[in-house]
Chemist: 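Sharing a structure here in structure tokens format.
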Amino acid sequence: MPSASFTASRSYVRRSRRKGANRIPTPSRTTSEPCEPSCPIQPPHNVPAPSAVSPGGPQSLAPPPGPSAAGGGAVPAPHHHSPYDLRRKSPTSSSSHHAHDGPGPSTSAATAGSPTSPATPTAPAQGYACAMLPARKRPRRTCSASYENCTNTAAHYLQYELPDEVLLTIFNYLLEQDLCRVSQVCKRFQAIANDTELWKRLYQSVYEYDLPLFNPAPCRFEFVSPEESDLANPWKESFRQLYRGIHVRQGYQDVTFKGRNLVYFNTVQGALDYADERSGSNSTSGSVSGSCSNHSLEGSSQGALIFLHAGTYRGEFLVIDSDIALIGAAAGNVAESVVLERESESTVMFVEGAKNAYAGHVTLKFSPDVTSTVPHHKHYCLEVGENCSPTVDRCIIRSTSVVGAAVCVSGVGANPVIRHCDISDCENVGLYVTDYAQGTYEDNEISRNALAGIWVKNYANPIMRRNHIHHGRDVGIFTFDNGLGYFEANDIHNNRIAGFEVKAGANPTVVHCEIHHGQTGGIYVHENGLGQFIDNKIHSNNFAGVWITSNSNPTIRRNEIYNGHQGGVYIFGEGRGLIEHNNIYGNALAGIQIRTNSDPIVRHNKIHHGQHGGIYVHEKGQGLIEENEVYANTLAGVWITTGSTPVLRRNRIHSGKQVGVYFYDNGHGKLEDNDIFNHLYSGVQIRTGSNPVIRGNKIWGGQNGGVLVYNGGLGLLEQNEIFDNAMAGVWIKTDSNPTLKRNKIFDGRDGGICIFNGGKGILEENDIFRNAQAGVLISTQSHPILRRNRIFDGLAAGVEITNNATATLEFNQIFNNRFGGLCLASGVQPIVRGNKIFNNQDAVEKAVSNGQCLYKISSYTSFPMHDFYRCQTCNTTDRNAICVNCIKTCHAGHDVEFIRHDRFFCDCGAGTLTNQCQLQGEPTQDTDTLYDSAAPMESHTLMVN
């Protein structure tokens, strides 16, 4: 259908009409300046005066069809009044010479006026000829000094003296095209005709929107608040941009408007058919222009624009195969007011050819009849097929079908943009992308769907950003069967199963997402799933933050995984994966759990402040665990058990509330080059058949020792530095039998190595030095082998054997120890061969020879070995001991008893007896006097039984 375009480039000849006077052609108004009539111009002699023109003749001045005929106002013609002659009448004027507007042909869009009685007056030849020339060829006119004589009093009053309020009231009766025409009269009219409220009223009568809607680019529509717009009149500019549109507004198809060029239909299909008929024609755009705008939106460069006004459109089967823009038009929430609904087949389908199609601000519903026998498992609310790339914007999408999906994007070349849509409360999958489809999906609300919020399958590779996917009754996002995709900055939470599931060769990339409060887990990768999960926040899930199982091998990098109601990362069932640079903390169970033959790579993570352990490897779990920082966990930093064999290298494991690394129940593996320190219990514990290799580590600062091997524990401890521990550097007890080779065990705040309660072990080529108590203490039926060790610079004895223990000592060097080299309690007979014991200080013997109390050289933190006694007169108990010099001096004449040669400190010197020691100064209260073999956590000072 031809449309009107009122621009400044089209001009018409206007003449004044006065009886007996020359007719003065009036120039076309091509600017907003007020135009004044020019003086008469004498015709040249070589231009004949025109004769009367018959209707329909070649020189007829009837208006042409097309834009001018649809404009709604009278079309200027040579016989029409000049606009300045509205009230002027000649005394000799005849009533037969009046302009007459007759009704022109009308359409569903507009009714225009046209002249019906052309006049044929005589006019000056030059003026008439100039008026009939095209505007660009007319001679330039100038106003003469006789301007005042031509001034029209009525026109002057209308233009300059009539109040603005009256003009504004008059203009309120005009529609957009007439309003643009009147704005060309003069600057004053233009200013009043551009009134914002005037255009807002017009705009809302056509489009119904509460705010101006702009179309700055194809497939892009934006509401802009007038207060935030830089435009002087945003309502008018929006009107101009949207004026090319076709309207679907029920009850308007047969209504005509004079001064408006809009097309109305009652059905969407009718509008689509009309758009198809006029496609390819440059006449598809009708703009509100003229002097109102010097640049119009080129409608011919875009597809048709169809406005769907408020209402429910049922039963229309819409297949879009061209670049059509389909947009809702209503007040308030636009999408809620415009509803497209079907009960069979897809509600809206985009197919090949819809490269730049658009659908926006509508509600799409698919509500199949449950009693119907027509299958609908491949019918959807919105369907995007092969080789098309529409934009779907700010739509509400609902489906009550229990099969299929609300939105389906499938096929090669399917590449839509779906943004700001609400895909919720569907009885199936929300969004389904499959079969090599792509597309960009941004800022959508996808919630409360019966199945997954999103499915990505069969090499589909969408881009999904800033979507809100939540409260689904299944998984949030499910990628499977080789599905791909890039998922960025999505908020995924409160889904009944995992927030994100990856299965069967799928390989998505998930970055900067927040995956939280899942009723099962956060991320679930299984059955050969892959994927890259980078820089996400994964927290507060009911089960593990990340699950990896059944030969899956994802990359989990730089995520925050925290506050899980169970574990952080759970790898089981032969799962693998690269877990690196993550911050894993505050989880109720282990930060990372590896079990059942799983073999991940775990490196450069921070695993801390867990309510359980840091890393838990069990049930034949494996894995390379390197360069992590594991600290401040409630239980062990690392647990290794039940046949597991991980490799831990170059980790910092520290500040735990129990053990650093705990091997138990046949836990194995390698512990190499780690820094293990500051644990409330020991740095490393090995028990119940566990047999790890512990090599090249620094184990220090333990509050209950460096390494504890007990209850049948084994292990090879080689080339470690074990130092500055509050109790023994290494404890070996209860039938344990480790091998210690080439370790440095030094600066302990207790003994170097303590072996008791049947402990065994092979100690070879170790350097044991500067420990506060014995370099090696062997007690209570223990029988280790010490071979080629260097035991020196101890603050007590080098080697002490007591309490029915024995040992094999071969080729050791024991020197420069304060209380002696080798100290044996009563009844001890070790196997000794080839040892070098030299340069020891023998401080005990010197103190006895000097008559000193032995407590003076030991206090209660050290236990010299010598003869000790009890005093029956002072009622000493089995827990007390008195040195030989105190017996001679302080208990002279008392009933005393020799007990044995063993380790002790003197209770008389310590002040624990009733009488005061005569060989010692102020007493220091302490009642634990004999050092032997209690469990490491029981006491800082160990007691004899």
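All values below come from the heavy atoms of this structure, side chains included, with hydrogens, waters and symmetry mates left out.
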Chemist: Does any non-hydrogen side-chain atom of I454 lie less than 4.5 Å from one of I446?
Modeler: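 Counting from C-beta outward, I446 and I454 do come under 4.5 Å.
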Chemist: Any chance the side chains of N444 and N467 put a donor and an acceptor closer than 3.5 Å?
Modeler: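 N467 and N444 do have a side-chain donor-acceptor pair below 3.5 Å.
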Chemist: Between the side chains of S401 and E427, is a donor N or O closer than 3.5 angstrom to an acceptor N or O?
Modeler: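 No - no donor-acceptor pair under 3.5 Å links their side chains.
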Chemist: Provide the closest heavy-atom pair for I320 versus L326 in the form atom of the first, atom of the second, distance.
Modeler: CD1-CD2, 4.3 Å
Chemist: Between the side chains of S183 and Q190, is a donor N or O closer than 3.5 angstrom to an acceptor N or O?
Modeler: no
Chemist: Have a look at T347 and tell me which of L340, I397, T363 forms a side chain to side chain contact (heavy atoms under 4.5 Å, CB included) with it.
Modeler: L340
Chemist: Could you check whether N215 and R240, counting side-chain N and O atoms only, form a donor-acceptor pair closer than 3.5 Å?
Modeler: no
Chemist: Do you know which of Y207, Y209, Y358, F214 makes ring-ring contact (aromatic ring centres under 6.0 Å, His included) with F221?
Modeler: Y358
Chemist: Would you tell me whether S225 and E227 have side-chain atoms, one donor and one acceptor, within less than 3.5 Å of each other?
Modeler: yes
Chemist: At their closest point, which heavy atom of Q253 faces which heavy atom of N266, and how far apart are they?
Modeler: OE1-N, 3.2 Å
Chemist: From N449 CG over to S424 OG, what is the distance, rounded to the nearest 0.5 angstrom?
Modeler: 6.0 Å
Chemist: Given side chains that start at C-beta, do those of Q250 and Y313 come closer than 4.5 Å, heavy atoms only?
Modeler: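 Yes, side chains in contact.
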Chemist: Heavy atoms only: give me the nearest N415-S389 pair and the separation to one decimal.
Modeler: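 What the structure gives for the nearest pair is O-CB, 3.1 Å.
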Chemist: Looking only at side chains, do Y243 and E176 share a donor and an acceptor under 3.5 Å apart?
Modeler: yes
